[in-house]
Every structure is written in structure tokens, then in C-alpha cells.
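Take a look at the structure set out below.
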Amino acid sequence: QVNLVESGGGLIQTGGSLTLSCAASGFTFSRTTMKWYRQAPGKEREFVGFIRSFGETFLIDSVKGRFTISRDNKKNIVYLQMKTLRPEDTAVYYCNAPLPGAESWGQGTQVTVSS
């Protein structure tokens with residue numbers, strides 16, 4: 001079955017850095033666009049960015065210049081490198097695989113940025 005497992009979150013001070021990982025299994029990862037979302041307390045889930053099979057990336061304006069998406073198709077892992085973190089980045093971060101017929105989500109990893 002399709003499975004996504006996020007890791008790497010934690011508590012960090014404003015201005016710090018974290019790198020999140022999403023380990024994927026159960027589908028052809030190397031041919032699948034992978035997406036990152038986040039959900040802050042009391043807010044709707046927000047799209048953050050994506051990375052296509054061969055490395056093309058897109059990030060929303062609020063994280064451009066601070067976040068980087070990358071992937072390792074041999075290890076079936078997608079990464080979200082986060083720098084210069086701000087309190088407004090506090091959220092549960094999820095990876096997503098928009099597979100034919102159904103999307104797949106991980107359980108999420110909590111990122112808390114203290115002010």
C-alpha cells in the first residue's frame with residue numbers, strides 16, 4: 001500500500017533551520033510529482049510547493065528564498081529544507097503524492113518556531 005512518513009520536525013527558535021524528510025513506498029516514486037503542505041492551528045491546510053520527477057520545483061511566495069525542495073529518487077525520499085524560520089511557519093507539515101485515482105498523505109511532522 002502507498003505509505004508516506006514525514007520526519008524531522010521539532011521546536012526551534014526564530015531564524016533557525018530544519019530539514020524535513022518524507023519517506024515514500026508503495027508506488028513508483030521516481031515518476032511521481034511530490035508536494036508539501038502545512039496546516040497551522042485553526043487554519044486550512046496550505047500548499048507549500050512541489051517537485052516534479054526530474055527536479056523542477058515550485059514554492060509559494062511566502063517561503064521563496066528560505067525553503068528548498070529536493071528529492072532522492074534512489075532512496076524514495078523528498079526533502080523540505082527550511083531556513084530563516086519564522087513563527088508564522090509553525091504548522092504540521094505534510095507530504096503528498098497526487099497519484100491517479102487517489103491522493104496519499106503522511107501523518108505529518110510538527111514544526112514549532114518560537115518567537
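Treat the numbers as computed from the prediction; the structure is a model and nothing was measured. Computed over heavy atoms, backbone and side chain alike; hydrogens, waters and symmetry mates excluded.
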Hphob cluster co-occupancy, [X] + [Y], side-chain heavy atoms under 4.5 angstrom:
| X | Y | value |
| --- | --- | --- |
| V5 | L99 | no |
| V92 | I69 | yes |
| M82 | I77 | no |
| Y79 | Y93 | no |

Side chains of [X] and [Y], heavy atoms from C-beta outward: is any pair under 4.5 Å?
| X | Y | value |
| --- | --- | --- |
| T32 | S53 | no |
| K35 | P98 | yes |
| N96 | M34 | no |
| R38 | V63 | yes |
| I51 | V78 | yes |
| N73 | R31 | no |

Going by an N to O cut-off under 4.0 Å, is there a salt bridge joining R86 and D89?
-> no
Measuring from atom [atom1] of [X] to atom [atom2] of [Y], what distance do you get when rounded to the nearest 0.5 angstrom?
| X | Y | atom1 | atom2 | result |
| --- | --- | --- | --- | --- |
| T19 | Q81 | OG1 | CD | 4.5 Å |
| F27 | N3 | CZ | CG | 9.5 Å |
| R71 | F54 | CZ | CZ | 9.5 Å |
| L4 | S25 | CG | OG | 7.5 Å |
| E44 | Q39 | CD | CD | 7.0 Å |
| K43 | E88 | NZ | CD | 8.5 Å |

Please say which of T14, L18, T112 ends up in a side-chain contact (heavy atoms from CB on, under 4.5 Å) with L85.
-> L18
In this structure, are over 12 heavy atoms from other groups packed under 6.0 Å from E103 atom CD?
-> yes
Using a cut-off of 6.0 Å, state whether more than 12 heavy atoms not belonging to K64 lie near its atom NZ.
->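 Counting neighbours around NZ of K64, more than 12 heavy atoms of other residues, nucleotides or ligands fall under 6.0 Å, so yes.
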Tell me, with the steps shown, if Y37 and Y94 meet ring pair (Phe, Tyr, Trp, His ring centres under 6.0 Å).
-> CA-CA 5 Å; Y37 287 76; Y94 300 89; 8.5 Å; no
Is there a donor-acceptor contact under 3.5 Å from the side chain of T109 to the main chain of G9?
->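 Present.
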Ring-ring centroid check W36 F47, cutoff 6.0 Å | no
Kindly determine whether W105 and R45 satisfy side chain to side chain contact (heavy atoms under 4.5 Å, CB included), including the steps that lead there.
-> CA-CA 12 Å; W105 298 87; R45 188 168 297 185; 3.1 Å; yes
What closest approach, in Å, do P41 and T90 show between heavy atoms, and which atom pair accounts for it?
-> CD-O, 4.4 Å
